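Just so you know, these numbers come straight off a predicted model, no measurement behind them. Just so it is clear: chains get the letters A, B, ... in the order the sequence lines come, proteins before strands, and each one is counted from 1.
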Amino acid sequence: MKARTRFAPSPTGYMHIGNLRTALYEYLIAKSSGGAFLLRIEDTDQKRYVEGATEIIYSTLKTVGMNWDEGPDIGGNYGPYIQSERKAIYAEYAHKLVELGGAHYCFCAAKEETEESEDEENAIPSKFQDPCKRLSLEEARARIAAGEPYTVRQTINKKGKSRFHDEVYGDIEIDYDDLDEGVLLKTDGFPTYNFANVIDDHLMAITHVVRGNEYISSTPKYNLIYEAFGWTPPVYVHVPQVMKDAQHKLSKRNGDASFQDLVAKGYLPAAILNYIALLGWNPGDDREIFSLAELEKAFTVERLNKSPAIFDIVKLTWMNGCYIRALTPEEFHRQALPWYAKCLTRKLDLEMLSRVLQPRIETFADIAAQTDFLEKMPAYELSLYENKKMKTDPAVAAQALKLAAAKLPEIDAWNNDNLFAGLKELAAANGLKNGQILYPLRIALSGKETTAGGATEIAAVLGKEETVARVKAALAKLEG
RNA sequence: GACCCCAUCGUCUAGCGGUUAGGACAUCACCCUUUCACGGUGGUAACACGAGUUCGAGUCUCGUUGGGGUCGCCA
């Protein structure tokens, strides 16, 4: 069976990780069955609309390669795909639902927005009992005709248990008495999510509804609407939350990273996508590295998990390192260039630098910390030359650097292999261990005990002139 | 508060009645090595608790505890 799924975000700002993961599962369900993945913009709350949010949604999906088959920008046979353009459709179905007995007109004033009072947490919400339910249809229509503002509110008269099946959570049973008669069509004529999602999913022939498990409790209400219209509900796939820690879910309000933030921090879109796929899903074997195409092949809803998963930036970082190392050297260099531009102005052998950095960094943001000494030689203590393992101290360093200062200008083909061979030879000729010459040289060139790359690699990146200058400066410091 | 959901190493997870409870990240040790990193080897580390069912329970049932969610003219 070819599945039709939809990603239906509301344009309220950035794209958060949990959202993207939901989109991914929707995409995978559709694609693994040879079906269609569509994009629908849920902008029925004009108060929350954020300028540019739709573009973020488009660009995020495109960046990770999740292309949609139908959507606001490309159209399709079930449009329009922006809810604000479907207002008339919802009104039509809302009135029809009233006639079918699944809803009623309501003239109650909107519930006032509760101030953030200190006892808000202690307040016990009670089920709303709508007095308008007793109004006759004629009476209600007369008031509407008279221009009175109204809403369409769901009518729930059923008794007993509502049951539905969820692909992840299994069979769920909720008492009809526990369901709220929520507003379906607002005073402004826009539908609420509770109504629009049912109408659209049916009209757009959606077969699988994938959404956060916070919707489990209200799913029976949606089923009642499907039922009233005589429609078949979709297959439900409720997915667990993506958490920041055991208590809090990942959210922008807590300052948690969005997809855009992660990319800006030097994470590769493919790595982010791979990581979040595994937050709540696993292939059943030990594989962890998946491209989107590979996920399409391996994905099945049966292997979706039902417990919440904590987003672990440390593991994402490791995975990003895997993706960075898997890049071709040319591609790595191309992607590193803008990061170099941010922190380096000196003339350096950047291609050599890329070769040094690629196996050592986990995110592109690591570049700055790994290269700061290249830009400007930092101040350092003479005691840095003291190293037991390398058998060096300031005296050995002075001797080694003096030899190096004489040797380095003679090296013409300035590359790592030549430098290393030359200095190794120099050490042997003078009865020194490799480390006794290379370790002091690194200090002289970097002012650091440890660096990405060895002494000769740093020299290769710095170039002959700067290398010789730094060695001379170090000698002066040692003898000073 | 009512209702719903969840519960294996610190984290992501495998496990679908019989396992020395496996893998990955992190962490520790060692090896490799011009330091670092990569890579390799090995170690520490988990079935929330209590009853039941069963010859046998991480796996099934019930309860307890803990956590999350819903109860908006937000989605």
Side-chain angles (χ1 to χ4, degrees), chain A residues 8-10 12 42-45 47-48 106 108-111 113-114 122-128 149-153 166 169-170 172-175 177-180 182-188 190-194 196-197 211-220 238 240-241 243 245-249 275 278-288 303 305-319 321 325 356-362 370 387 389-390 420 423-424 427 433-439 441-443 446 448-458:
Chain A
S10 48
T12 54
E42 307 218 329
D43 60 344
T44 56
D45 186 359
K47 292 187 294 291
R48 295 214 309 162
C106 172
C108 297
K111 196 174 167 186
E113 282 194 27
T114 40
N122 305 328
I124 300 161
S126 56
K127 197 182 165 185
F128 177 71
Y150 69 97
T151 62
V152 173
R153 199 178 272 280
D166 182 86
Y169 289 94
I172 309 276
E173 195 176 84
I174 294 173
D175 202 300
D177 279 340
D178 293 323
L179 265 28
D180 270 305
V183 168
L184 266 21
L185 200 68
K186 306 186 256 184
T187 321
D188 63 8
F190 278 100
T192 59
Y193 169 85
N194 296 326
N197 93 83
R211 49 158 75 126
N213 68 5
E214 67 267 28
Y215 289 100
I216 286 180
S217 317
S218 34
T219 296
H238 286 95
Q241 304 279 333
M243 309 291 283
D245 56 46
Q247 278 76 30
H248 312 279
K249 67 176 192 176
Y275 176 70
L278 263 19
L279 276 183
W281 176 84
N282 74 80
D285 56 37
D286 289 343
R287 280 183 301 165
E288 289 198 297
R303 298 210 66 91
N305 258 80
K306 42 183 156 191
S307 39
I310 297 174
F311 181 85
D312 183 10
I313 190 82
V314 176
K315 183 147 186 178
L316 199 213
T317 304
W318 163 78
M319 191 171 277
R325 288 190 297 277
V356 171
L357 256 21
Q358 187 174 5
R360 288 167 232 262
I361 61 172
E362 292 187 299
Q370 295 287 358
N387 187 301
K389 198 179 165 201
M390 293 296 115
F420 187 63
L423 292 176
K424 199 173 165 185
K433 296 188 60 169
N434 290 345
Q436 287 178 304
I437 196 155
L438 292 166
Y439 184 82
L441 182 59
R442 181 185 21 263
I443 306 292
S446 69
K448 291 181 163 193
E449 191 172 10
T450 63
T451 55
T456 57
E457 288 169 306
I458 296 169

### Query
Counting any heavy atom closer than 4.0 Å, what does A:L423 reach on the DNA or RNA strands: base, sugar-phosphate only, or nothing?
nothing
### Query
So which nucleotide does B:A14 pair with, by the Watson-Crick or G-U wobble rule with both distances under 3.5 Å?
none
### Query
Which base, if any, makes a Watson-Crick or G-U wobble pair with B:G52, both distances under 3.5 Å?
B:C60
### Message
When you compare the side chain of A:N197 with that of A:R211, does any pair of heavy atoms fall below 4.5 Å?
### Response
yes
### Task
Would you tell me if any nitrogen or oxygen in the side chain of A:K47 comes within less than 4.0 Å of OP1 or OP2 on B:G72?
no
### Message
If I take atom CG in residue A:D188 and atom C1' in nucleotide B:G72, what distance separates them, rounded to the nearest angstrom?
### Response
14 Å
### Message
Counting C-beta onward and ignoring hydrogens, is there a side-chain heavy-atom pair between A:N305 and A:N282 closer than 4.5 Å?
### Response
yes
### Query
If each of A:Q241 and A:K186 is mapped to the nucleotide of RNA chain B with the nearest heavy atom, which maps nearer the 5' terminus, i.e. the 5' end?
A:Q241
### Task
Using a 4.0 Å heavy-atom cut-off across all strands, classify A:A109 as base, sugar-phosphate, or nothing.
base
### C1' gap between B:U64 and B:C25, integer Å
33 Å
Pairs under 3.5 angstrom, nitrogen or oxygen only, protein versus nucleotides 41-50 of chain B, please.
none

### Task
Just say parallel, tilted or perpendicular for the rings of A:Y275 and A:F311, cut-offs at 30° and 60°.
perpendicular
### Task
Figure out the OH/P separation between A:Y169 and B:G68, and round it to whole Å.
15 Å
Report all interatomic pairs (protein N or O, nucleotide N or O of nucleotides 34-38 of chain B) with separations under 3.5 Å.
from	atom 1	to	atom 2	distance (Å)
B:U34	O2	A:A455	N	3.0
B:U34	N3	A:T456	OG1	3.3
B:U34	O4	A:T456	OG1	3.2
B:U35	O4'	A:R442	NH2	2.9
B:U35	N1	A:R442	NH1	3.2
B:U35	N1	A:R442	NH2	3.3
B:U35	O2	A:T451	N	3.0
B:U35	O2	A:T451	O	3.2
B:U35	N3	A:T451	O	3.1
B:U35	N3	A:G453	O	2.8
B:U35	O4	A:G453	N	3.4
B:U35	O4	A:G453	O	2.7
B:U35	O4	A:G454	N	2.5
B:C36	O2	A:R360	NH1	3.0
B:C36	O2	A:T451	O	3.3
B:C36	N3	A:R360	NH1	2.2
B:C36	N4	A:R360	NH1	3.4
B:A37	O2'	A:P359	O	3.1

### Task
Give a yes or no on whether a salt bridge exists between A:D45 and A:R48, defined as a side-chain N under 4.0 angstrom from a carboxylate O.
yes
### Watson-Crick/G-U partner (both atom distances under 3.5 Å) of B:U65
B:A7
#### Entry: Below 4.0 Å: OP1/OP2 of B:U13 and any side-chain N or O of A:N282
no
### Query
In whole angstrom, what separates A:L179's CG from B:C4's P?
12 Å
### Message
Just the rounded figure in Å: distance from C1' of B:C74 to CG of A:N197.
### Response
13 Å
### Query
For the pair made of OH in A:Y275 and P in B:C25, what is the distance, rounded to whole Å?
13 Å
### Query
Within less than 4.0 Å of OP1 or OP2 of B:G68, is there a side-chain N or O belonging to A:K249?
no
### Query
Base, sugar-phosphate alone, or nothing: which one does A:Y215 contact when heavy atoms must sit under 4.0 Å apart?
base
#### Entry: Pairwise C1' distance, B:A29 and B:C12 [rounded to whole Å]
25 Å
#### Entry: Phosphate contact (B:A75 OP1 or OP2) by A:T44 side-chain N/O below 4.0 Å
yes
### Summary
Between A:N213 and A:F311, whichever has its closest RNA chain B nucleotide further toward 5' is A:F311
### Query
Across the strands shown, which category fits A:C106 at heavy-atom distances under 4.0 angstrom: base, sugar-phosphate, nothing?
nothing
### Task
If B:A21 has a Watson-Crick or G-U wobble mate with both distances under 3.5 Å, name it; if not, just say none.
none
### Query
Given the P atoms of B:C6 and B:U27, what is the spacing between them in whole Å?
34 Å
#### Entry: Opposite nucleotide pairing with B:U70, Watson-Crick or G-U, both atom distances under 3.5 Å
B:A2
### Query
Expressed as a whole number of Å, how far does the P atom of B:C49 sit from that of B:G23?
23 Å
### Query
Rounding to the closest angstrom, what is the interatomic distance between B:U53 and B:C60 at atom C1'?
8 Å
### Query
Of the nucleotides B:A75, B:C5, B:A14, which one has an atom closest to the side chain of A:R303?
B:A14
### Message
Could you tell me how far apart A:Q247 (CD) and B:A7 (C1') are, to the nearest whole angstrom?
### Response
13 Å
### Query
For A:M390 and A:R442, what are the C-alpha separation, side-chain angles and deciding distance, and is it a side-chain contact (heavy atoms from CB on, under 4.5 Å)?
CA-CA 12 Å; A:M390 293 296 115; A:R442 181 185 21 263; 5.9 Å; no
### Query
Of the non-hydrogen atoms in A:T451 and A:I458, which two are nearest, and what is the gap between them?
OG1-CD1, 3.3 Å
### Task
Give a yes or no answer on whether the side chain of A:S446 reaches the backbone of A:K448 with a donor-acceptor pair at less than 3.5 Å.
yes
### Task
Using the C1' atoms only, state how far B:A48 lies from B:U65, rounded to an integer number of Å.
8 Å
#### Entry: Nucleotide opposite B:C38 in a Watson-Crick or G-U pair, distances under 3.5 Å
none
### Message
Whether the side chain of A:Y215 engages the backbone of A:H238 through a donor-acceptor N/O pair (distance < 3.5 Å, no angle test) should be reported.
### Response
no
### Task
Please tell me which of the listed nucleotides, B:C4, B:C73, B:A75, lies nearest to the side chain of A:I174?
B:C4
### Task
Using atom CG of A:D312 as one end and atom C1' of B:G10 as the other, report the distance to the nearest whole Å.
9 Å
#### Entry: C1'-based separation of B:C30 from B:U44 [nearest Å]
15 Å
#### Entry: Atom pair distance, as rounded to whole Å: CG in A:N305 and C1' in B:G15
12 Å
Distances under 3.5 Å only, N/O to N/O: pair up the protein atoms with those of nucleotides 22-24 of chain B.
from	atom 1	to	atom 2	distance (Å)
B:A24	O2'	A:E288	OE1	2.4
B:A24	O2'	A:E288	OE2	3.4
B:A24	O2'	A:K315	NZ	3.0
B:A24	N3	A:K315	NZ	3.1

### Check against side-chain contact (heavy atoms from CB on, under 4.5 Å), A:T317 and A:V314
CA-CA 5 Å; A:T317 304; A:V314 176; 5.5 Å; no
### Message
Any base atoms under 4.0 Å from A:R287, or only sugar-phosphate, or nothing? Heavy atoms, all strands.
### Response
nothing
### Atom C1', compared across B:U70 and B:A57: separation rounded to whole Å
33 Å
### Task
Check whether more than 12 heavy atoms from other residues, nucleotides or ligands sit under 6.0 Å from atom NZ of A:K424, and answer yes or no.
no
### Task
Record whether the side chain of A:T151 comes under 3.5 Å of the base of B:C73 through a donor-acceptor pair of N or O atoms.
no
### Query
Taking the side chain from A:T187 and the backbone from A:P149, do they hold a donor-acceptor pair closer than 3.5 Å?
no
### Donor-acceptor contact present, side-chain A:D285 to main-chain A:R287, <3.5 Å
yes
### Message
Nearest to the A:Y193 side chain among B:A75, B:C6, B:A26, which nucleotide is it?
### Response
B:A75
